Amino acid sequence: MRTLLWIVGVVLLVQGLAPLVQSAFGTNPAESAFLVNLIPGAQPWTNLVLAALGASAVLLAERNHRRRIRR
């Protein structure tokens, strides 16, 4: 379960943060294959939501892993 949460979390983080990074460096993120390109009108907010979900999944994976180690 930890591995699955890590994978989902990292993918969501990349999907959420990469378009913002691309925009910051002057590259058009619409040319890349990101989930947020499906919702162009709400793109900055969708990026932040995906990044927050990804960070939450990674943190949950770590919390569950530490809890199992203590037992």
Side-chain angles (χ1 to χ4, degrees):
M1 185 71 172
R2 176 181 176 228
T3 305
L4 179 61
L5 280 173
W6 262 101
I7 292 170
V8 168
V10 169
V11 168
L12 287 175
L13 275 170
V14 168
Q15 288 289 320
L17 294 178
L20 297 174
V21 172
Q22 277 189 329
S23 295
F25 285 108
T27 306
N28 185 6
E31 298 172 356
S32 302
F34 294 118
L35 292 174
V36 294
N37 290 338
L38 299 174
I39 310 169
Q43 193 168 23
W45 296 108
T46 308
N47 289 342
L48 296 175
V49 168
L50 283 177
L53 287 172
S56 298
V58 169
L59 290 174
L60 181 63
E62 279 303 305
R63 192 182 87 192
N64 287 344
H65 178 66
R66 289 182 182 166
R67 185 181 300 163
R68 287 184 184 179
I69 288 175
R70 289 180 189 167
R71 289 183 189 179

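All of these numbers come straight from a predicted model, not from anything done at the bench.
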Heavy-atom nearest pair, Phe34 first then Pro29, reads CD1-O, 3.8 Å

With no hydrogens and no angle check, is any side-chain donor or acceptor of Thr27 less than 3.5 Å from a backbone partner on Ser23? no

Spatial distance of atom CD (Gln22) from atom CG (Asn47) [nearest 0.5 Å]: 10.5 Å

Can you give me the closest heavy-atom contact between Pro19 and Val14, atom names plus distance? CD-O, 3.9 Å

Among Val10, Val8, Thr3, which residue meets the side-chain contact (heavy atoms from CB on, under 4.5 Å) test with Trp6? Val10

Leu13 reachable from Leu48 in the ILVMFWY side-chain graph, under 4.5 Å edges: yes

Would you kindly confirm whether Trp45 and Leu17 end up in one hydrophobic cluster when ILVMFWY residues are joined by side chain heavy atoms under 4.5 Å apart? yes

Rounding to 0.5 Å, atoms CG (Leu50) and CG (Leu20) come to a distance of 10.0 Å

Is there a donor-acceptor pair closer than 3.5 Å between any side-chain N or O of Asn37 and the backbone N or O of Glu31? no

